[in-house]
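Residues: numbered from 1 along the sequence shown.
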Amino acid sequence: MSTTADPLAALGALPGVAESVESVRKAVDRVYGHRIMRRRSNAVTSEAALRAARGSAALSGADWALEEVRRRTDFGTDGEARVMGAALRLTAEAGQLLSIWRQSPLRVLARLHLVAAASDESRVGRPRQAGEAVDEPLIELPLPDAREVSGRLDGLADLIIAGSSAPALVTAAVVHGELLALRPFTSHNGLVARAAERIVLIGSGLDPKAVCPAEVGHAEQGRAEYLAALEGYVSGTPEGMTAWIAHCGRAVEFGARESTAVCEALQRGAA
């Protein structure tokens with residue numbers, strides 16, 4: 001990451017990033033311009049949240065059909081059900097933490113982990129300590145040690161608190177990528193990273209009604225592409241960072257497309 005006074009803005013100036021930002025803006029504007037959004041935006045938001053949770057859970061190993069998510073009520077029976085339950089809780093919780101994020105992002109991340117883990121174990125809700133294992137089998141990148149995690153989390157928090165002129169997409173992509181690279185908690189890091197991305201996209205004003213779920217797009221692009229793009233972020237090269245930001249941009253666009261289809265379905269039903 002750049003050492004300039006506003007490293008996020010420096011990333012926003014990388015070749016190709018402006019095109020991703022503009023493409024995302026157009027996709028989001030199309031959803032918000034739909035006539036259904038003037039009358040039934042709450043219904044679109046609710047449906048987007050359900051699909052966001054399904055997408056995030058799929059990337060963490062619980063790839064359920066949407067109707068299965070709607071039908072099930074018990075999310076505590078087995079591993080996949082617990083992952084889905086955690087994703088649903090995080091999607092609901094993210095909207096409650098917007099006002100805290102810019103003042104205390106580390107507090108928000110701790111809360112997200114508590115919500116995801118739904119446990120009172122001592123390891124829950126705090127960054128992992130030296131010697132503690134991480135249960136994140138789907139991400140096989142080298143794991144930073146606890147000291148590096150602490151320093152980089154503090155650095156990320158400082159960036160969020162200081163604010164940036166960077167586009168929301170860039171900030172969201174960096175928050176998401178950094179949390180996946182660090183895996184700061186002993187579990188549920190992928191779910192927490194995607195929930196944090198969601199908070200940035202909503203709180204920045206890019207998607208204030210939460211109707212463009214990036215989680216849907218990340219899942220639609222597939223786990224292999226997701227992990228390949230993450231490797232680009234971890235590399236720290238301009239090309240790798242641009243590829244990761246572009247991947248996150250496509251995820252938002254796919255989420256916007258999904259909600260446009262929801263709007264169309266609601267419009268047909270109201271006709």
Check side chain to side chain donor-acceptor pair (under 3.5 Å) between E121 and all other residues, then give those that pass, not counting sequence neighbours.
-> R123

Inter- and intrachain pairs under salt bridge (charged side-chain N to carboxylate O under 4.0 Å, His left out), touching residues 60-69, at least two apart = R54-D63, E67-R70, E68-R71, E68-R72

Enumerate the residue pairs fulfilling salt bridge (charged side-chain N to carboxylate O under 4.0 Å, His left out) with a member in residues 216-240, sequence neighbours excluded, ordered by first and then second residue.
-> E220-R257, E225-R250

Can you name the residues that form a ring pair (Phe, Tyr, Trp, His ring centres under 6.0 Å) with H247, not counting sequence neighbours?
-> H218, Y226, W244

Under the ring pair (Phe, Tyr, Trp, His ring centres under 6.0 Å) rule, what pairs show up with a residue in residues 34-92, not counting sequence neighbours?
-> none

Flag side-chain contact, heavy atom, 4.5 Å: V262 against R51 | yes

For E148, enumerate each residue passing the salt bridge (charged side-chain N to carboxylate O under 4.0 Å, His left out) test, keeping only those at least two apart in sequence or located in another chain.
-> R152

With sequence neighbours excluded, residues passing side chain to side chain donor-acceptor pair (under 3.5 Å) with S56 | R194

Give every residue pair that meets the salt bridge (charged side-chain N to carboxylate O under 4.0 Å, His left out) criterion with at least one member in residues 200-217, sequence neighbours excluded.
-> R198-E215

Close side-chain approach of L141 and R183, heavy atoms under 4.5 Å = yes

Out of curiosity, does L227 fall in the hydrophobic cluster containing I245 (side-chain heavy atoms, cut-off under 4.5 Å, transitive links)?
-> yes

D29: what forms a salt bridge (charged side-chain N to carboxylate O under 4.0 Å, His left out) with it, not counting sequence neighbours?
-> R25

Anything under 3.5 Å between a donor and an acceptor, one on a side chain of residues 98-106, the other on a protein residue two or more places apart or in another chain? List them.
unit_1, atom_1, unit_2, atom_2, d
R102, NE, I160, O, 3.0

Identify, with sequence neighbours excluded, every residue that meets salt bridge (charged side-chain N to carboxylate O under 4.0 Å, His left out) alongside D154.
-> none

Joint hydrophobic cluster, I202 plus V216, side-chain heavy atoms closer than 4.5 Å = no

Which pairs with one or both residues in residues 81-99 pass salt bridge (charged side-chain N to carboxylate O under 4.0 Å, His left out), sequence neighbours excluded?
-> E93-R111

